[in-house]
Trainee: 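Sharing a structure with you now.
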Protein chains: 2
Amino acid sequence: MANTARSGQRRAATLNDVARLAGVSIATASKAVNGRAEVAESTRQRVMAAATEIGFTPNALAQSLIAGRTGTVGLLTSDLEGRFVLPILMGAEDAFGSGQISVFLCDARGDRIRENYHLKALLNRRVDGIIVVGRSTDPRPSLGHDLPVPVVYAYAPSDDPTDRSLTPDNVVGGRLSVEHVLSFGRRRIAHITGDIGYAAAIDRAAGFREGLAAAGVPPVAEPMFGSWTEGWGRDAAAVLLDRHPDIDGFVCGSDQIARGVLETLRDYGRSVPEDVSVIGYDNWEVLAVNSRPELTSIDCTLQELGRRAAQRIFEAIDGGPLEGGTEYVAPKIVMRGSTVASR
Amino acid sequence: MANTARSGQRRAATLNDVARLAGVSIATASKAVNGRAEVAESTRQRVMAAATEIGFTPNALAQSLIAGRTGTVGLLTSDLEGRFVLPILMGAEDAFGSGQISVFLCDARGDRIRENYHLKALLNRRVDGIIVVGRSTDPRPSLGHDLPVPVVYAYAPSDDPTDRSLTPDNVVGGRLSVEHVLSFGRRRIAHITGDIGYAAAIDRAAGFREGLAAAGVPPVAEPMFGSWTEGWGRDAAAVLLDRHPDIDGFVCGSDQIARGVLETLRDYGRSVPEDVSVIGYDNWEVLAVNSRPELTSIDCTLQELGRRAAQRIFEAIDGGPLEGGTEYVAPKIVMRGSTVASR
DNA sequence: TTACTTCTCGAAAGGCCTTTCGAAAACTTT
DNA sequence: AAAGTTTTCGAAAGGCCTTTCGAGAAGTAA
């Protein structure tokens, strides 16, 4: 109705407009709108009516200018495609959501230049904090300590131990998965995992070894490093089965690998979970739930990680000091048909 | 170094600080920093040095207050998990990136209340435009025309035809896929797709029918609607093969379904692509690239869709009128081993 | 040297909101 | 009715930056 120009181009109403319409001063309008006490009830109602009529929304810019904080947080990710970023982002949104904080999302695409560019943009916009999300659990370069806002590193920890980082605990995850398989009485357990260049592969394998050692069970073979793909899972499983036909458990470094393993097992006529137990990693629903049988997997609880990262930022914004150090987020196991007989 | 408080808590420098340090007036500092002509070169250098020294970044808030625009766009999605949102987001970031625009990301989780809440937050923050991203191609309720900023609907079009919407062209996609299969001489082609409650399923099926009709080839059976899962693909393929053993082509409504179909075909001892052609939909890389054989699929070019959505917003911000209407984005085919013999 | 042009810079306003502080109005008490 | 309280409201400043306009400095011409 009050549209002057083309649809959707109405100028945003200011407090001034409201005050004029309600016949009060700007100050009074402000107080009325913000529900402060020093305004008569009748006046308040008049102001509110005016505000509603012209669709007034307070200009957060001006508010921030005064308050010195924007209620805004930057999320600097290095790859949007990655499925890791998403749950983290959701967790962060979760934690922030109730606190009226909005998230600026920037994708640096793994490019230092672009990252710097975005960082600058975030600082210009006076975000109250920054969460840096990496695409692997390998440490990444720190943004440094000269920033006027608190920074938290999520998923990929900072290479500077005095930064605050949160990362999944892959060692515990690896251990968890082998313990689960052991609990079914399996004793001939193999580990197939991804690229040895990834800390995730190394750490999970370490957990795997640890778990076996703790149970006093010798490994069937050395952990097999390859790539994070179904194809590698298929091939590696075939090699292992040919060499060690008595294998009764596969601990996999990712769900993709696990799916490959499942396929090979079917080709070899082994029943899962009756003859062999298989466990994946990441709990990537599309893969885990759609396989036959469904895939037991380790969930990194990334959403929790995101939530905690947001909390750290929160605390730091509220004046608390942001202590350095890396926080390891515990994974959990999600049981499905590839280890537990269904129904 | 200039840290007064704890690390990362240094107050952001203002133009005032710069001016004082450089021994010039605020106005001069501003001009120097912004590279305007009315400042002597020597003065400029002095100012720049000062700015660098104290790490000055202009306060975008104050700038926006003056300019009347924030260089900020809201992205209101209804579900972050969805893999649709992501490419769109990337496309939008792409288009915006060069233009110094930052994206506010809000996830309404398919909840009207939350959506409204976020919408309000975006308006408070004075975003210059809003992109609303849905999680299916079914029309969604319009936000209305009373907003002071341009709005574009992506993926899920608005139910109000006077809004500007961009959505994938599923009819063309369906047609494209059947034409591709036909091009290999297949004449006994079936269609297995997802939930009939989705416009995507209906539209793709329509395209499928169209394509067959245009080629004068009768369908083997009515399109089978079910769910967007591998399980459904497996089951439906089995049913169809039992009933029509001569089927030589499967056009699937999603990659997940296609993977199920592939599995059943393997169980039935049919070779893909030699005996039967299979084509998926969505070109979801994890699924398409990791299957055996790799899956030919229809790509909705969502990134392109996001890019265009951003462009529309751009145009509208720059004063151009934002015309209503739905823009259909053409899909493209990505050929892989499930239709084309590899190597 | 005087008159005039060209640079170079600074004071101040403007954009929108909140908050403080003082003034005016409405009541109460004596 | 006068004096004192309480309530209600408004003027103005502040937060940070840009921009305009005018003043002063420097330089040129007569």
Side-chain angles (χ1 to χ4, degrees), chain A residues 10-48 50-51 54-72 100 120-121 123-128 148, chain B residues 10-48 50-51 54-72 100 120-121 123-128 148:
Chain A
R10 181 180 57 183
R11 181 180 69 90
T14 78
L15 190 58
N16 214 328
D17 302 333
V18 177
R20 196 146 14 110
L21 183 58
V24 300
S25 80
I26 299 187
T28 306
S30 170
K31 288 176 204 155
V33 167
N34 293 318
R36 306 198 32 134
E38 316 95 315
V39 167
E41 187 51 35
S42 63
T43 310
R44 154 161 307 125
Q45 290 187 352
R46 205 146 32 92
V47 172
M48 290 310 250
I54 60 177
F56 168 77
T57 31
N59 187 329
L61 265 51
Q63 289 180 322
S64 309
L65 203 53
I66 299 162
R69 45 151 100 181
T70 53
T72 281
Q100 322 254 27
K120 203 154 214 171
L123 292 179
N124 282 350
R125 300 227 144 80
R126 292 299 188 266
V127 292
D128 294 331
Chain B
R10 181 181 57 183
R11 181 180 70 88
T14 77
L15 191 58
N16 214 327
D17 301 334
V18 177
R20 195 145 15 109
L21 183 58
V24 299
S25 79
I26 300 187
T28 305
S30 169
K31 287 175 204 155
V33 168
N34 293 314
R36 307 198 30 136
E38 313 94 317
V39 168
E41 188 50 36
S42 64
T43 311
R44 152 161 309 124
Q45 290 186 354
R46 202 147 34 92
V47 173
M48 290 309 250
I54 59 178
F56 168 77
T57 33
N59 188 329
L61 265 50
Q63 289 182 320
S64 308
L65 205 51
I66 299 162
R69 45 151 100 184
T70 54
T72 279
Q100 322 254 25
K120 204 155 212 166
L123 292 179
N124 282 351
R125 300 225 144 81
R126 293 296 186 269
V127 292
D128 293 333

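Chain letters run A, B, ... following the sequence lines, proteins first, then strands; residues in each count from 1. Computed from a predicted structure; not experimentally measured.
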Trainee: Verify side chain to side chain contact (heavy atoms under 4.5 Å, CB included) between B/T14 and B/N59, making sure each step is shown before the conclusion.
Mentor: CA-CA 8 Å; B/T14 77; B/N59 188 329; over 6 Å; no
Trainee: With a 4.5 Å cut-off on side-chain heavy atoms, are A/T43 and A/R46 touching?
Mentor: yes
Trainee: Estimate the overall bend of the helix from C/dT1-D/dA30 to C/dT30-D/dA1 from the end axes over five pairs each, rounded to 10 degrees.
Mentor: 60°
Trainee: So do the side chains of A/Q63 and A/P58 get within less than 4.5 Å of each other, counting heavy atoms only?
Mentor: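 In short, these two side chains touch, coming nearer than 4.5 Å.
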Trainee: With a non-hydrogen cut-off below 4.0 angstrom, is B/R44 in contact with a base, only sugar-phosphate, or nothing?
Mentor: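 Since no nucleic acid heavy atom lies under 4.0 Å of B/R44, the category is nothing.
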Trainee: How far apart are the closest heavy atoms of B/D128 and B/T70, and which atoms are they?
Mentor: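 Smallest heavy-atom distance, with atoms named: OD1-N, 3.1 Å.
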Trainee: Base, sugar-phosphate, or nothing for A/A27, non-hydrogen atoms under 4.0 angstrom?
Mentor: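 Here A/A27 touches the bases of the nucleic acid.
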Trainee: Rounded to the nearest Å, what distance is computed from the NZ atom of residue A/K31 to the C1' atom of nucleotide D/dG10?
Mentor: 8 Å
Trainee: Short question: side chain of B/N34, backbone of B/R36 - any donor-acceptor pair under 3.5 Å?
Mentor: no
Trainee: For C/dC16, does either OP1 or OP2 sit under 4.0 Å from a side-chain N or O belonging to A/Q63?
Mentor: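 Checking A/Q63 against C/dC16: no side-chain N or O falls below 4.0 Å of OP1 or OP2.
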Trainee: Classify the nucleic acid contact of A/L61 as base, sugar-phosphate or nothing, counting any heavy atom under 4.0 Å across all strands shown.
Mentor: nothing
Trainee: Given that A/A40 and B/T57 both sit by DNA chain D, which one's nearest nucleotide is further toward the 5' end?
Mentor: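 Mapping each residue to its closest nucleotide by heavy atoms, the 5'-most match is A/A40.
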Trainee: Grab the CZ-P distance between A/R69 and D/dC16 for me, whole Å please.
Mentor: 16 Å
Trainee: Which listed nucleotide (D/dG14, C/dC16, D/dC17) is nearest to the side chain of A/A62?
Mentor: C/dC16
Trainee: Within the structure shown, what part of the strands sits under 4.0 Å from A/S64 by heavy-atom distance: base, sugar-phosphate, or nothing?
Mentor: nothing
Trainee: Side-chain N or O of B/T28 less than 4.0 angstrom from OP1 or OP2 on C/dC9?
Mentor: no
